[in-house]
Amino acid sequence: MTAVHGTTVDIPTPDGVADAYLAYPDDGAAHPGVLVFQDAFGLRPALRDLGDRIAAHGYSVLIPNLFYRAGRAPVLDLPEFIDLEARPEVFGQLMPLIMSLTPDVVKSDSGAYLDWMAASDKIAAGPVGATGYCMGGRLVVQTAAAHPDRIGAGAGFHTGHLVLDGPDSPHLALESVTAELYFAFADNDQGMTPEHIEEFDKALAAAGIRHKTEVYEGAAHGYTQIDTSVYNEEAAERHYRELFALLDRTIGQPKG
């Protein structure tokens, strides 16, 4: 596996400065960029490890602290192992931060992240891949829709609430997306029911997007996150295989 270098960087945005984690192969070369959108628990050691693993596959990975308006990461004092059944108050603290990420905010912030990536000597020129976890999958859709010429691939894992009743529903923003998309949903997730998935698939097809969606049976919402009580190793490893396959065929550099 390729040696990886990781460092904290600061990204100027229209609303301030977002701290972020940058991981890249330690070989002196520029590599295709991958923008990682966090789950609700934010930028923390487990998410940095996830970024390192993507970087070791041959990518330069940026993981911004999406909650930077509330402070530098970690924004909340989270336990090393997150068990929501034991700590139900955590989501009460997180919800205002999550709700603050409106479509307009996401468009503005993601533009700043992409500008920073385009200027980095660690990141090769060309379209960027994006992957998101839980709420981060929604941001992948919104970013791919807002910046269709800059996102070449998008993935979402255990993402919910992609089909909503209001005009801001992510599935209604797919018309401008040009990236190939892959979404792997959690099993028995009330935030993304079989009916929601069917509606999302119809919207993807209507927009002419090359895509694949599937449900990881037996995997609960949050299955990729190793520092939580819902982590599922089999599903997490499957997520890496599918993510790498998507990135390699869309934005990856030729191997060998």
Side-chain angles (χ1 to χ4, degrees), residues 4-24 33-57 59-84 87 89-102 105-117 120 122-123 128-140 142-143 154-160 221-231 236 239-240 243:
V4 167
H5 182 79
T7 187
T8 298
V9 298
D10 287 341
I11 300 174
T13 79
D15 290 337
V17 176
D19 53 305
Y21 180 67
L22 176 68
Y24 51 89
V34 176
L35 179 58
V36 174
F37 289 115
Q38 66 183 52
D39 63 349
F41 302 125
L43 184 53
R44 59 197 192 280
L47 209 60
R48 292 184 179 91
D49 289 345
L50 182 149
D52 287 348
R53 181 152 175 191
I54 298 173
H57 193 72
Y59 295 94
S60 292
V61 180
L62 184 71
I63 312 178
N65 166 24
L66 302 181
F67 300 149
Y68 70 88
R69 293 172 180 83
R72 296 179 72 86
V75 175
L76 294 183
D77 182 21
L78 294 171
E80 288 186 17
F81 181 77
I82 303 168
D83 184 348
L84 284 181
R87 293 282 302 274
E89 76 279 3
V90 170
F91 258 114
Q93 297 173 284
L94 288 169
M95 282 311 298
L97 300 175
I98 296 170
M99 297 302 292
S100 71
L101 297 175
T102 65
V105 167
V106 173
K107 180 177 181 179
S108 175
D109 282 355
S110 61
Y113 305 147
L114 291 168
D115 285 346
W116 189 93
M117 294 177 80
S120 172
K122 305 300 182 187
I123 299 174
V128 166
T131 182
Y133 301 87
C134 296
M135 71 165 201
R138 168 174 61 87
L139 274 66
V140 167
Q142 292 169 329
T143 298
F157 299 92
H158 44 84
T159 296
H221 184 89
Y223 58 77
T224 61
Q225 301 303 298
I226 197 169
D227 61 344
T228 72
S229 57
V230 291
Y231 174 68
H239 128 267
Y240 283 115
L243 176 61

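A distance of 10.5 Å separates CZ of R48 from OG1 of T7, quoted to the nearest 0.5 Å. N65 contributes atom CG, which lies 15.0 Å from atom OH of Y21 (distance to the nearest 0.5 angstrom). The distance from atom CG of L47 to atom CD1 of I226, rounded to the nearest 0.5 Å, is 12.0 Å. Rounding to the nearest 0.5 angstrom, the gap separating the CE atom in M95 from the CE atom in M99 is 5.5 Å. The OG1 atom of T159 sits 11.5 Å away from atom CZ of F37, with the distance rounded to the nearest 0.5 Å. Rounding to the nearest 0.5 Å gives a distance of 6.5 Å between CG of L78 and CG of L94.
Residues L62 and V9 meet the side-chain proximity criterion, which asks for heavy atoms closer than 4.5 Å. Under the 4.5 Å side-chain criterion, counting only non-hydrogen atoms from C-beta, H158 is not in contact with V230. V90 has its side chain out of reach of I82: every pair of non-hydrogen atoms, C-beta onward, lies at least 4.5 Å apart. For the pair D227 and Y231, the minimum side-chain heavy-atom distance is 4.5 Å or more. In this structure the side chain of M135 reaches within 4.5 angstrom of the side chain of L66, judged on heavy atoms.
In terms of heavy-atom proximity, A112 sits nearest to P14 at CB-CD, 4.3 Å. Nearest heavy atoms, H221 versus C134: NE2-SG, 3.4 Å. V61 and G51 make their closest contact through CG2-O, 3.7 Å (heavy atoms, listed as atom of the first residue, atom of the second, distance). Nearest heavy atom pair, residue A73 against residue L43, reads CB-O, 3.7 Å. Contact record, D52 with V4: O-CG2, 3.6 Å, taken as the closest heavy-atom pair.
Judged by distance alone, the side chain of T143 and the main-chain N or O of V140 form no donor-acceptor pair under 3.5 Å. Side-chain atoms of H5 do not come within 3.5 Å of backbone N or O of Y24 as any donor-acceptor pair. Side-chain atoms of T224 do not come within 3.5 Å of backbone N or O of A236 as any donor-acceptor pair. Remark: side-chain polar atoms of D39 are not paired, donor with acceptor, to backbone N or O of G222 under 3.5 angstrom. The main-chain N or O of V105 is never found under 3.5 Å from a side-chain atom of S108 such that the two would form a donor-acceptor pair.
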What do the steps show when you test Y68 against I11 for side chain to side chain contact (heavy atoms under 4.5 Å, CB included), and what is the final call?
CA-CA 10 Å; Y68 70 88; I11 300 174; over 6 Å; no
Start with the C-alpha gap between T131 and F157, add the side-chain angles, then the distance that decides, and say whether side chain to side chain contact (heavy atoms under 4.5 Å, CB included) holds.
CA-CA 8 Å; T131 182; F157 299 92; 3.4 Å; yes
Show your working on side chain to side chain contact (heavy atoms under 4.5 Å, CB included) between I98 and F67 and close with a plain yes or no.
CA-CA 8 Å; I98 296 170; F67 300 149; 4.1 Å; yes
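Of the residues listed (L35, T13, L22), the one engaging W116 in a side chain to side chain contact (heavy atoms under 4.5 Å, CB included) is L22, and it is the only one. With Y133 as the partner, the side-chain hydrogen bond (donor to acceptor under 3.5 Å, both in side chains) test is satisfied by one option alone out of Q225, H239, Q38: H239.
For D49, the salt bridge (Lys or Arg N to Asp or Glu O under 4.0 Å) criterion is met by no residue, not counting sequence neighbours.
For L76, the CG atom sits in a packed shell: over 12 heavy atoms of surrounding residues, nucleotides or ligands are nearer than 6.0 Å.
Each salt bridge (Lys or Arg N to Asp or Glu O under 4.0 Å) pair with one or both residues in residues 4-16, not counting sequence neighbours, appears once here: D10-R72, D15-R69.
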